[in-house]
> 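Here it is, the structure in full.
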There are 2 protein chains.
Amino acid sequence: MSQFGDYIRNRREELQKAKPSIFSLRKVAQEANIEPSYLSKIERGLQPPPGQATIEALALVLEEDKDVLLALAGKVSDDLSKIIQKRPKLFAGLIRELKDMPDKAVLRLVREVRDGEW
Amino acid sequence: MSQFGDYIRNRREELQKAKPSIFSLRKVAQEANIEPSYLSKIERGLQPPPGQATIEALALVLEEDKDVLLALAGKVSDDLSKIIQKRPKLFAGLIRELKDMPDKAVLRLVREVRDGEW
DNA sequence: CATACTGTGTAGTATATACTACACACTCCA
DNA sequence: TGGAGTGTGTAGTATATACTACACAGTATG
């Protein structure tokens, strides 16, 4: 039931398969400046997700998107915060729509947005 | 600099103009089951935003979207969390795009999504 | 002018957050 | 077979969170 923990454990193990010497729990913890035992507990959901600074450090080490990691930890990134602040109603509407939107439609939407069609 | 506080104070005062007797700080605090002084401090940003339960109570009283209020408080709602969990990459992409997307494009996007064109 | 509201300041507290420190058990391989 | 590496368990702590309780000052109304 620990989204954040599961996510980073999966990600780390994935990287570890490719480069075992770099992505052990101890090495990753060291890179992120936290105790290995602490990271272990976070990955297994025995500890709530860490603070913003630590999450961003982990995002860097694990080559992950910090907005996603923060969100999985139940925290809102500064970028997302600015978007919501600027257009709260858009944000509320988007959540309502995305909840039930089929994947295919979402993918097409994102592709078009990215390609500047909007 | 207190997004959450500013937002709910504006909202409350707006409602207060229409119905002064119902939307005083004291009445709203009472409805949300918190101390008036606490709400006062939150509205002025002297106190960090309250917990999830209190935010949802305030959303109800102030007739606001709870996803927005939670996000302004730096917290991720369950609905948003589910979306991110299901499609982390979509979410990351969406944030990147929305940051610089002009309002007109966003509005058109949302309208179309809402109308089922997606 | 009293009393009934408005919002605010000060002081305090239980619980959760965000970690550290270090010992322990296991596996691998030289 | 022993040392280097893997992850984990227990114990503890400073700081922040998420509030309560209540006294106080101002305004408005009867």
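Order of the sequence lines fixes the chain letters, A, B, ..., with proteins taken first and strands second; residue numbering starts at 1 for each chain.
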> Can you tell me how far C1' of dT8(C) sits from CD1 of Ile42(B), to the nearest Å?
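Roughly 14 Å, once rounded to whole Å.
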> Rounded off to whole Å, could you give me the NZ-to-P distance for the Lys27(A) and dA4(D) pair?
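That distance rounds to 14 Å.
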> Would you list the atom pairs, donor with acceptor, under 3.5 Å between side chains in residues 19-30 of chain A and any protein atom, with sequence neighbours excluded?
residue  : atom : partner  : partner atom : Å
Ser24(A) : OG   : Lys27(A) : N            : 3.1
Lys27(A) : NZ   : Ser21(A) : O            : 3.0

> In whole angstroms, how far is the P atom of dC5(C) from the CD atom of Gln30(B)?
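So the CD-P distance, Gln30(B) to dC5(C), works out to 11 Å.
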> What pairs with Arg9(A) under salt bridge (Lys or Arg N to Asp or Glu O under 4.0 Å), at least two apart in sequence or on another chain?
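Arg9(A) satisfies salt bridge (Lys or Arg N to Asp or Glu O under 4.0 Å) with Glu43(A) only.
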> So, using side-chain hydrogen bond (donor to acceptor under 3.5 Å, both in side chains) as the criterion, who are the partners of Asp79(A) when residues are at least two apart?
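So Asp79(A) forms a side-chain hydrogen bond (donor to acceptor under 3.5 Å, both in side chains) with Lys99(B).
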> Atom CD of Glu43(A) to atom P of dT6(D): distance rounded to whole Å?
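Computing the Glu43(A):CD to dT6(D):P distance gives 13 Å.
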> Under the salt bridge (Lys or Arg N to Asp or Glu O under 4.0 Å) rule, collect the residues that match up with Glu14(A), sequence neighbours excluded.
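Salt bridge (Lys or Arg N to Asp or Glu O under 4.0 Å) check on Glu14(A) returns Arg11(A).
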> What does nucleotides 12-30 of chain D look like as a protein-contact string, B for base, S for sugar-phosphate only, - for none, at under 4.0 angstrom between heavy atoms?
-----SBBBBB--------
> Can you tell me the distance, in whole Å, between the CD1 atom of Ile22(A) and the C1' atom of dT6(D)?
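Rounding to the nearest Å, CD1 of Ile22(A) and C1' of dT6(D) are 16 Å apart.
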> Who passes salt bridge (Lys or Arg N to Asp or Glu O under 4.0 Å) against Asp78(B), sequence neighbours left out?
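Counting only residues at least two positions away or on another chain, Asp78(B) forms no salt bridge (Lys or Arg N to Asp or Glu O under 4.0 Å).
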> To the nearest Å, give me how far apart CG (Leu25(B)) and P (dG9(C)) are.
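So the CG-P distance, Leu25(B) to dG9(C), works out to 12 Å.
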> Go through the steps for Leu80(B) and Phe91(B) under the test side-chain contact (heavy atoms from CB on, under 4.5 Å), then give the verdict.
CA-CA 10 Å; Leu80(B) 177 54; Phe91(B) 175 73; 4.1 Å; yes
> For DNA chain D, which residues of residues 7-21 of chain A approach it to below 4.0 angstrom with any heavy atom?
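Within residues 7-21 of chain A, the residues near DNA chain D are Arg9(A), Arg12(A), Gln16(A).
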> Counting only side-chain nitrogens and oxygens, does Arg44(A) get under 4.0 Å of the OP1 or OP2 atom of dG9(D)?
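Yes.
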> Table please: side-chain donor-acceptor pairs of residues 34-42 of chain A below 3.5 Å, with sequence neighbours left out.
residue  : atom : partner  : partner atom : Å
Ser40(A) : OG   : Arg44(A) : NE           : 3.3
Ser40(A) : OG   : Arg44(A) : NH2          : 2.9

> Output side-chain donor-acceptor pairs under 3.5 Å for residues 47-62 of chain A, partner residues at least two apart or in another chain, one line each.
residue  : atom : partner  : partner atom : Å
Gln52(A) : NE2  : Glu56(A) : OE2          : 3.3

